[in-house]
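Just the heavy atoms: all of them, side chains too, but no hydrogens, waters or symmetry mates, feed the values below.
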Amino acid sequence: QVQLVESGGGSVQAGGSLRLVCAASGTTHRFNTMGWYRQAPGKEREEMACISQTDGSTYYPDSVEGRFTISRDFAKNTVYLQMNSLKPEDTALYYCAAVGDPDCGAEYTDWGQGTQVTVSS
C-alpha cells in the first residue's frame, strides 16, 4: 500500500510561485515513477509533470513547459513541483500520483488527496 500526502498549495497572485511537496510512504516499489496532475472545476484531470525512476527523465505538457519543474529526493521519498510564473488558468486541485513502472507513460495506481492552488489576476 502507498500513501501520498501533498502540501504546499495556497493562494498567490499571477506571476507568483509555489512549491508543492508530495511525501510518499508504504511499499516503495509502487512509487518508482511519480507525477503531478491537476483538475480544475468542470475540466478533465490533466497530467502536469512526471519524473521517472530509470534516469530521472521528466515530462511536461506544453501548457507548463518552462514554468513548472518536477524534482525528486529518493532518500526522503519526496517529489516536488516548483511552479513559477503562475497564471489564473493554473488554478486547480493538484494531485500527486505514483506507479510501480520505472518510466513515465504508465497508468498511475496511487493518488494523494490533493492540494488546492488558486492564482488570482
Output the distance between atom [atom1] ([X]) and atom [atom2] ([Y]), rounded to the nearest 0.5 Å.
{"X": "Tyr95", "Y": "Arg38", "atom1": "OH", "atom2": "CZ", "value": "13.0 Å"}
{"X": "Ile51", "Y": "Asp103", "atom1": "CD1", "atom2": "CG", "value": "12.0 Å"}
{"X": "Phe31", "Y": "Gln3", "atom1": "CZ", "atom2": "CD", "value": "9.0 Å"}
{"X": "Gln13", "Y": "Leu86", "atom1": "CD", "atom2": "CG", "value": "11.5 Å"}
{"X": "Leu18", "Y": "Met83", "atom1": "CG", "atom2": "CE", "value": "4.5 Å"}
{"X": "Phe68", "Y": "Arg19", "atom1": "CZ", "atom2": "CZ", "value": "15.0 Å"}

- side-chain hydrogen bond (donor to acceptor under 3.5 Å, both in side chains) between Asn84 and Ser17: does it pass, once the steps are laid out? CA-CA 4 Å; Asn84 299 327; Ser17 299; 2.9 Å; yes
- Message: Between Tyr60 and Met48, is there a side-chain heavy-atom distance shorter than 4.5 Å?
- Response: no
- Do Phe74 and Gln53 come close enough that some side-chain heavy atom pair is under 4.5 Å? yes
- Item | Connected hydrophobic set around Val21, excluding itself, where side chains approach under 4.5 Å | Tyr80
- Task: Please answer whether the main-chain N or O of Gly100 pairs with a side-chain N or O of Asn32 as donor and acceptor at a distance below 3.5 Å.
- Result: yes
Taking distance alone, no hydrogens or angles, what donor-acceptor pairs closer than 3.5 Å link side-chain atoms of residues 111-121 to residues at least two apart or in another chain?
residue, atom, partner, partner atom, Å
Thr115, OG1, Gly9, N, 3.1
Gln116, NE2, Ala92, O, 3.3

- Task: Check the side chains of Tyr108 and Glu47 for a donor-acceptor pair under 3.5 angstrom, ignoring hydrogens and angles.
- Result: yes
- Query: When you check the side-chain N and O atoms of Ser52 and Ser57, is any donor under 3.5 Å from an acceptor?
  - Reply: yes
- Item | Thr58, Val64, Leu20 screened by side chain to side chain contact (heavy atoms under 4.5 Å, CB included) with Ile70, the one that passes | Thr58
- Message: Let me check something: do Val79 and Val2 share a hydrophobic cluster, defined by ILVMFWY side-chain heavy atoms less than 4.5 Å apart, either directly or through other members?
- Response: yes
- Would you name the heavy atoms of Leu4 and Glu6 that are closest together and state the gap between them? O-OE1, 4.0 Å
- Query: What pairs of residues pass the disulfide (SG to SG under 2.5 Å) test when at least one of them lies in residues 4-46, not counting sequence neighbours?
  - Reply: Cys22-Cys96
- Message: side-chain contact (heavy atoms from CB on, under 4.5 Å) for Cys50 and Thr33? Distances and angles first, verdict last.
- Response: CA-CA 7 Å; Cys50 176; Thr33 290; 3.4 Å; yes
